[in-house]
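Worth knowing before you read on, the calculation uses all heavy atoms, side chains too, and leaves out hydrogens, waters and symmetry mates. Every chain is numbered from 1 and lettered A, B, ... according to where its sequence line falls, protein lines coming before strand lines.
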Amino acid sequence: KSVKNEKDSHAISLGNSSTFSVGTKFQLDDVIEAQQFDREILSAIFEVAREMEKIEKSSSGANILRGYLMATLFYEPSTRTRLSFESAMKRLGGEVLTTENAREFSSAAKGETLEDSIRTVEGYSDIIVMRHFESGAARRAASTASIPVINAGDGPGQHPTQALLDVYTIEREIGRLDGIRVGLVGDLANGRTVRSLAYLLAKYNDVKIYFVAPDIVKMKDDIKDYLSSKGVEWEESADLMEVASKCDVVYQTRIQRERFGERIDLYEEARGKYIVDKKVMGVLQKHAVILHPLPRLDEITVDVDGDPRAAYFRQAKNGLYIRMALLKLLLLGW
Amino acid sequence: KSVKNEKDSHAISLGNSSTFSVGTKFQLDDVIEAQQFDREILSAIFEVAREMEKIEKSSSGANILRGYLMATLFYEPSTRTRLSFESAMKRLGGEVLTTENAREFSSAAKGETLEDSIRTVEGYSDIIVMRHFESGAARRAASTASIPVINAGDGPGQHPTQALLDVYTIEREIGRLDGIRVGLVGDLANGRTVRSLAYLLAKYNDVKIYFVAPDIVKMKDDIKDYLSSKGVEWEESADLMEVASKCDVVYQTRIQRERFGERIDLYEEARGKYIVDKKVMGVLQKHAVILHPLPRLDEITVDVDGDPRAAYFRQAKNGLYIRMALLKLLLLGW
Amino acid sequence: KSVKNEKDSHAISLGNSSTFSVGTKFQLDDVIEAQQFDREILSAIFEVAREMEKIEKSSSGANILRGYLMATLFYEPSTRTRLSFESAMKRLGGEVLTTENAREFSSAAKGETLEDSIRTVEGYSDIIVMRHFESGAARRAASTASIPVINAGDGPGQHPTQALLDVYTIEREIGRLDGIRVGLVGDLANGRTVRSLAYLLAKYNDVKIYFVAPDIVKMKDDIKDYLSSKGVEWEESADLMEVASKCDVVYQTRIQRERFGERIDLYEEARGKYIVDKKVMGVLQKHAVILHPLPRLDEITVDVDGDPRAAYFRQAKNGLYIRMALLKLLLLGW
């Protein structure tokens, strides 16, 4: 895989650092998992994302991806994620081939492998954004394709662009990542976003993480052990008010009903336990923010939305800038 | 909400009137219901629609919406309406994010509110065209969004661009709106198009309306009372031949089977009662036209299609021009 | 139907032949069936397809269809075919209106005819690519539409662009069509691709065709009689190894489970009978190739994919060039 059109990448000027100078190839061929990103590359990507905010705001739009074609290959629908990627591509002047019906490739009567589908689609496009219901599918696609693949979520596996936009949002809102205090709230056992976020925060210095979860969906030991091994301080708490009063970021998540099967009673109990409402906002520091990966049910009450510290819709918007940046970097380089 | 890019709107020159001079902001932020339009603004919109006919016919296409992104957010499929809006946007050089799968936002497991979905989608686009299954949904979306919203039908509620294209078609075909005689035929109880059309026609002078409907789907009293209060003459008739011989416009509609539930017998009776066929065309005046909002079943026989007075496919095409005009006006102003 | 914009067609320079000189109208108004193409026109189309390979490889893309709008009207999903056509249009700078939901036009409650749907869609676009579940639907659409229609498969009927890309691939891979030996393998009774291919090969000189099929899905007499009447030599064989050793092209196809209904036993027997594997590759001549219309199950083993003579993914890619060529020719002429 190579940068197709090096000269075009000068369209955006970046601060010159030795490793990420303008026009050089992006270090990654594909974006498959959060583990691919270290602190230095995250910082450079975030700088590109900031440039993308300026491009999106200019009324004329941009042309830097004119002539490039992105295929959104969704094996399960995810309208929010798909529209975000497609908007990113179109805001940069690129074009899109779209399907939320990719499962049709491998319908019972046909039975094509993922690898064969990828070999076909790579002939029609310059980059593939794939959503799949099976963990590991994105990695298989990337090792087959000769064009870049971005993982837009593979079942219980990874959703790396969500993790990146979360960290980007914290930096945009708080102004730094070193030394921050983050409360992770809600379903910490099943939510892949909080797990990826904890993983990425471990790359920064003096971070402190608070876990606030109903007993039945507590953060699992693998992440706790990982944080400890990296010297990240963490503690569990049952007191959302106290955590909220101490943190720079409260990251709320949805309790996922589909994880509880028949046990509606357990779901209802877990769901009502930690709600971000006016009372929580009352103890939150002035500079702190509330984040949420969306969609939200009632774990953040609607009367919080008007508070300037409610940053979750800005966070969703940041997904656009991060995806614009990744498309630019994978297709044109730095 | 504001006109994003005022200088671009000079691309189309309009006759200068004091209220609608070139480059000034469009009076409406959103298009939600037929009641938003008065006679003066309709006339000015129709002038823009005429310009759009010229743009669509030029082989090069237009660029006036280059860099703008329209999201078609359809909570139920309506391929005809969606393609019409998407064609309008693309004929003007704009781009489209499309979903007929918007219901997935609020799937059982997730349960996001319409307001939250709108707040996400407005971050990815410049204008939202929404189809919804619930009356009032478009108004809720418009009051949430900071970008323009066009109602492309909200359940039993409104479908204002259909009403506009109907009136535009009458003016294009007959040459005037004052003094016309219009026969509304078919399902007048449930058809939202005939109700909106009657409403808009009341804005013109010396209009006479004939209602021709099977007993079970007669025009309701609210519209009759409204017409009377506005001084519009109307009468009910059971004689399609006589009405057809007197009218400038015969507006035929489909009897909707889905309204009859188990009573197939009543449906079949209503359905066969008033058919526009060669015999009706035989008494129709030379300058008069047949309209129909489509889709059609057999309430207009196929052998009528070749008659130059069969205007229903021209009417469908006019939908393109009206939607081009509204997209231009909402995004660029007059 | 006429060439909309003759001057643009000069953008691509072709070898000047008297019948296909640059800028003149394409001989066909629509592409409905393989029978429309003779040897001379195939050769000229293939020359345009070769030019398309160059256009697709240039990083800047092409603009020759800028301002043109293609509607992909799919009455059943076929993601592979749809993406191929949409990529072709976008690689040439054109735009796309897309629906895999065209069946919604004629949903039970509505019941619109195909002809009425076509009359609506032709008002929104410049060319229609249609996939339908009923044989003959493409012809009906073409005789209704005043814009070009391309048949992208109509049920058990035709899929002419597949037939063209198959012949194009043989010429590209082998260097000639006269005098070639082709083995058609697998489901020869139901596969429309092998039937169309046999039909088109009959237009070339000294072709020899071998049929290798399980008894239950043997090639039917109509094609055999046709080949004989055209002086094409053919024979049936049960020995894939011997055929493979003699042929320039082995065209493998999938045994379609859906044709066997309840008789899974017969399906399993037919399915395992003729497999292209390493052993077959061992006897295949050095210059020969394996083709397959895709999707593939296990009738070609995966360990064959790395062999340079495995040409089926190049064949899929050729579909892009053929479709680019047809879109260019139908919209702009030679």
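Atoms CG and CZ, from B/Leu294 and C/Phe105 in turn, are 10.5 Å apart once rounded to the nearest 0.5 Å.
Ionic pairing of B/Arg80 and C/Glu104 is not present here: no N-O contact between side-chain nitrogen and carboxylate oxygen is shorter than 4.0 angstrom. Between C/Asp126 and B/Arg91 there is a salt bridge, since at least one side-chain N of the basic residue sits less than 4.0 Å from a carboxylate O of the acidic one.
Of the listed residues (C/Thr99, C/Val121, C/Asp116), the greatest number of heavy-atom pairs within a distance under 4.5 Å of chain B belongs to C/Asp116. Note on C/Val96, C/Thr98, C/Leu97: by heavy-atom pairs under 4.5 Å with chain B, the leading option is C/Leu97.
Around atom CZ of B/Arg309, more than 12 heavy atoms belonging to other residues, nucleotides or ligands sit under 6.0 Å away. The number of heavy atoms from other shown groups lying within 6.0 Å of CD (B/Glu269) does not exceed 12.
Considering only heavy atoms from C-beta on, C/Arg119 comes within 4.5 Å of B/Asp305 through its side chain. Residues B/Ser84 and C/Tyr124 are in side-chain contact: their nearest non-hydrogen atoms beyond the backbone lie under 4.5 Å apart.
Heavy-atom minimum distance, C/Leu69 versus B/Ser87: CD2-OG, 3.6 Å. Minimum heavy-atom separation, C/Asn101 to B/Thr79: O-OG1, 3.6 Å. B/Glu56 and C/Gly123 make their closest contact through OE2-O, 4.0 Å (heavy atoms, listed as atom of the first residue, atom of the second, distance).
Of the two parts of C/Ser125, only the backbone, made up of N, CA, C and O, holds a non-hydrogen atom closer than 4.5 Å to a non-hydrogen atom of chain B. Contact annotation for B/Arg314: neither backbone nor side-chain heavy atoms come within less than 4.5 Å of a heavy atom of chain C.
A donor-acceptor pair under 3.5 Å is absent between the side-chain atoms of C/Glu95 and the main chain of B/Lys90, judged by distance alone.
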